[in-house]
Amino acid sequence: MVARGEIARFWSLESLHMVSSDGGAESSALVDDNGSEEDFSYEELCQANPRYLQPGGEQLAINELISDGSVVCAEALWDHVTMDDQELGFKAGDVIQVLEASNKDWWWGRNEDKEAWFPASFVRLRVNQEELPESCSSSHGEEQDEDTSKARHKHPESQQQMRTNVIQEIMNTERVYIKHLKDICEGYIRQCRKHTGMFTVAQLATIFGNIEDIYKFQRKFLKDLEKQYNKEEPHLSEIGSCFLEHQEGFAIYSEYCNNHPGACVELSNLMKHSKYRHFFEACRLLQQMIDIALDGFLLTPVQKICKYPLQLAELLKYTTQEHGDYNNIKAAYEAMKNVACLINERKRKLESIDKIARWQVSIVGWEGLDILDRSSELIHSGELTKITRQGKSQQRIFFLFDHQLVSCKKDLLRRDMLYYKGRMDMDEVELVDVEDGRDKDWSLSLRNAFKLVSKATDEVHLFCARKQEDKARWLQAYADERRRVQEDQQMGMEIPENQKKLAMLNAQKAGHGKSKGYNSCPVAPPHQSLPPLHQRHITVPTSIPQQQVFALAEPKRKPSIFWHTFHKLTPFRK
């Protein structure tokens with residue numbers, strides 16, 4: 001708790017007043033288009049849904065339900081594979097009965113016949129806990145869905161209640177979210193701008209990003225939701241059209257999510273100084289905000305954009321095809337899933353470009369344009385034998401990025417040092433599989449071979465892998481590269497030029513003055529073996545500890561054997 005004297009250090013009574021010296025209301029970019037602001041009071045929100053407003057409220061609510069003898073179920077978002085007998089293993093989609101949730105990170109639960117600990121961030125609580133409690137002891141999805149479907153047809157009033165629960169959750173969480181955004185904009189940003197001696201414009205832009213634009217957008221969105229909300233009979237509400245009308249507006253979250261890791265770093269640096277800690281705590285107290293640190297509030301937009309597909313999926317589950325909102329809800333679910341996927345992909349690519357830039361700096365004798373000029377992720381790498389028209393073979397290590405195939409040669413003495421030997425434009429070639437046996441065009445007997453043929457000149461490049469499995473991996477990698485390029489074009493995926501230049505500049509500074517041959521430069525980024533975009537996870541845990549830097553990705557797994565081998569072949573590894 002900050003002492004009153006600390007608060008007095010930062011603001012006088014006049015500077016804290018929300019009215020300007022001429023008696024007019026302080027100007028703000030946070031009101032909507034018609035100049036009005038429909039806000040809910042803090043008390044109203046607490047009464048409407050207190051569990052969303054109190055710190056740790058969800059945990060308290062879960063434990064209260066469990067104490068009352070209620071069955072609390074959670075659905076797995078991801079596989080949890082473990083060799084520890086004290087941990088509960090499960091697959092995505094499994095239903096787990098939560099038996100104890102006093103710890104925010106690890107809960108105690110039951111799956112089939114086993115009870116053990118499991119990570120809370122790998123699951124989400126079911127909105128409708130009253131739905132077939134016996135399903136919590138079963139992980140057989142198809143049978144469970146059949147029984148659930150039958151139960152719904154028998155009890156339509158129960159399905160109406162479940163749809164009401166989901167609608168009310170969407171509305172309540174949206175209202176609470178608006179309250180959080182308002183608190184950030186009015187409780188923190190407004191006061192920070194008054195203290196120019198403590199914060200620069202650049203610092204505030206880094207910490208808060210475009211959250212004011214998000215606040216303005218979300219107010220309009222909530223206003224439309226309220227118009228479609230049927231207070232008397234919530235299950236009849238038709239809110240799908242609201243998501244469809246605003247789907248393009250949700251794209252503003254991409255900028256915020258990409259900026260968030262930098263915001264965490266900047267805020268962490270400021271928090272090392274007591275005057276900033278006291279300042280931000282004073283902001284929170286004066287705005288009468290709940291007891292959550294600023295980094296926790298700044299995390300809410302990242303969590304929110306990824307929660308929409310979950311909520312819409314749940315709503316679709318309890319919306320019959322005869323319901324007037326069915327088609328819109330179905331389309332809204334797909335639309336918001338695509339929005340979350342796009343944000344996910346942009347963030348993943350942004351996180352990889354710094355490592356790719358460092359990898360390029362570590363290659364000896366690099367020529368031509370930077371790798372980031374056209375590429376943003378590594379698809380595959382490995383050794384291949386390149387065969388010339390004269391029948392000469394050249395052992396090379398190839399790195400397949402989106403749009404480019406880079407060729408490198410090992411140093412004869414230092415096998416972990418690579419020299420740049422050239423690259424190919426993957427947009428200008430086609431892959432041709434070559435059967436084992438004698439090739440008529442090359443007059444050679446070939447095994448595990450394939451060709452890259454130029455579309456413009458018909459020039460042919462012949463490659464041979466050591467094993468059939470290696471060849472299969474390269475053929476699959478080529479297909480993955482083409483698919484990802486097409487996906488990027490469809491989604492309008494582009495890395496801003498200034499971020500590419502900054503990544504290269506930082507990489508060159510990191511490698512400046514370090515002689516070639518020393519293990520001082522970071523390795524290239526591990527590639528992810530991603531499925532097609534529509535099959536990827538787009539959800540994120542909602543209970544990740546606030547101290548962690550948030551990532552829009554699945555839980556980290558152990559590095560694969562492939563990348564262990566790749567690291568050995570990459571120069572200047574740490």
Side-chain angles (χ1 to χ4, degrees), residues 243-244 246-259 305-306 308-309 331-357 359-360 368-381 398-406 423-432 450 452-457 461 473-504 524-538 552-554:
F243 287 92
L244 295 176
H246 292 277
Q247 62 177 307
E248 293 184 3
F250 284 107
I252 62 174
Y253 277 85
S254 182
E255 179 183 339
Y256 186 87
C257 294
N258 292 339
N259 178 75
I305 192 61
C306 294
Y308 282 127
Y333 167 66
E334 293 298 330
M336 294 309 297
K337 192 167 64 168
N338 290 337
V339 168
C341 271
L342 178 60
I343 292 173
N344 227 1
E345 286 297 286
R346 282 178 175 164
K347 183 172 179 63
R348 187 176 61 80
K349 286 180 180 290
L350 278 174
E351 289 173 344
S352 71
I353 63 173
D354 287 334
K355 296 175 183 177
I356 290 177
W359 172 84
Q360 178 188 314
L369 297 173
D370 292 330
I371 189 70
L372 292 179
D373 187 68
R374 300 192 59 213
S375 303
S376 59
E377 66 177 314
L378 177 65
I379 310 294
H380 187 61
S381 69
F398 290 89
F399 299 87
L400 178 62
F401 296 85
D402 52 315
H403 300 287
Q404 300 181 82
L405 179 66
V406 178
R423 71 181 103 180
M424 296 177 62
D425 186 342
M426 297 304 293
D427 296 338
E428 299 299 325
V429 298
E430 288 185 351
L431 184 143
V432 177
F450 62 90
L452 292 178
V453 183
S454 172
K455 297 176 183 178
T457 63
H461 302 270
R473 292 191 190 99
W474 276 105
L475 297 184
Q476 183 59 50
Y478 173 81
D480 291 343
E481 186 270 340
R482 290 292 85 194
R483 173 173 50 79
R484 293 190 202 179
V485 167
Q486 185 177 12
E487 286 177 355
D488 289 350
Q489 292 172 347
Q490 291 172 348
M491 294 190 301
M493 180 77 67
E494 290 185 7
I495 304 296
E497 288 298 322
N498 62 326
Q499 289 180 311
K500 293 179 183 179
K501 292 178 181 177
L502 181 61
M504 288 305 307
H527 86 281
Q528 296 180 355
S529 181
L530 296 175
L533 190 64
H534 68 278
Q535 297 177 4
R536 298 179 204 170
H537 292 299
I538 46 77
L552 284 176
E554 295 184 40

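- Residues forming a ring-ring contact (aromatic ring centres under 6.0 Å, His included) with H403 (at least two apart in sequence, or on another chain): none.
- Rounded to the nearest 0.5 Å, atoms CG (L405) and CG (L431) are 10.5 Å apart.
- K455 NZ: more than 12 foreign heavy atoms inside a 6.0 Å radius.
- Proximity of E377 to I379: side-chain heavy atoms (C-beta onward) are separated by under 4.5 Å at one or more points.
- Across A357 and L372, no two heavy atoms sit closer than the pair CB-CD1, 4.0 Å.
- Ring to ring, Y333 and F243 are not that close: their centroids are 6.0 angstrom or more apart.
- Evaluation of the salt bridge (charged side-chain N to carboxylate O under 4.0 Å, His left out) rule for E248 yields no partner, not counting sequence neighbours.
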Open item on the list: I305 vs F250, test: side-chain contact (heavy atoms from CB on, under 4.5 Å). Steps then yes/no.
Closed with: CA-CA 8 Å; I305 192 61; F250 284 107; 3.7 Å; yes

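- Closest heavy-atom contact between D370 and Q360: OD1-NE2, 2.9 Å.
- The only option from L400, I371, L378 that meets the side chain to side chain contact (heavy atoms under 4.5 Å, CB included) definition with V406 turns out to be I371.
- Note that CD of Q486 is 14.0 Å distant from CG of D402, once rounded to the nearest 0.5 Å.
- E487 and R484 are not joined by a salt bridge, as no carboxylate oxygen comes within less than 4.0 angstrom of a charged side-chain nitrogen.
- Judged by distance alone, the side chain of S376 and the main-chain N or O of I353 form no donor-acceptor pair under 3.5 Å.
- C341 contributes atom SG, which lies 11.5 Å from atom CE of M336 (distance to the nearest 0.5 angstrom).
- Remark: Y478 pairs with no residue by the ring-ring contact (aromatic ring centres under 6.0 Å, His included) rule, at least two apart or across chains.
- Here the CD-OG1 distance, from E428 to T457, works out to 9.5 Å after rounding to the nearest 0.5 Å.
- Residues satisfying the salt bridge (charged side-chain N to carboxylate O under 4.0 Å, His left out) test with D427, not counting sequence neighbours, are R374, R482.
- Using a 4.5 Å heavy-atom threshold, the side chains of M424 and V429 count as touching.
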TODO: In sequence, state the C-alpha distance, the side-chain angles, and the governing distance for R473 and Q476, and then conclude on side-chain contact (heavy atoms from CB on, under 4.5 Å).
DONE: CA-CA 5 Å; R473 292 191 190 99; Q476 183 59 50; 5.8 Å; no

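- In this structure F398 satisfies the ring-ring contact (aromatic ring centres under 6.0 Å, His included) test together with F463, sequence neighbours excluded.
- Between F401 atom CZ and S381 atom OG the span is 8.5 Å, to the nearest 0.5 Å.
- The nearest pair of heavy atoms linking A503 to D354 is CB-OD1, 3.2 Å.
- The main-chain N or O of L369 is never found under 3.5 Å from a side-chain atom of D373 such that the two would form a donor-acceptor pair.
- No side-chain heavy atom of S375 sits less than 4.5 Å from a side-chain heavy atom of I356.
- Nearest heavy-atom pair, A477 versus H380, reported as atom, atom and distance to 0.1 Å: CB-CB, 3.5 Å.
- Partners of E255 according to the side chain to side chain contact (heavy atoms under 4.5 Å, CB included) rule, which considers only residues two or more places apart in sequence or in another chain, are N210.
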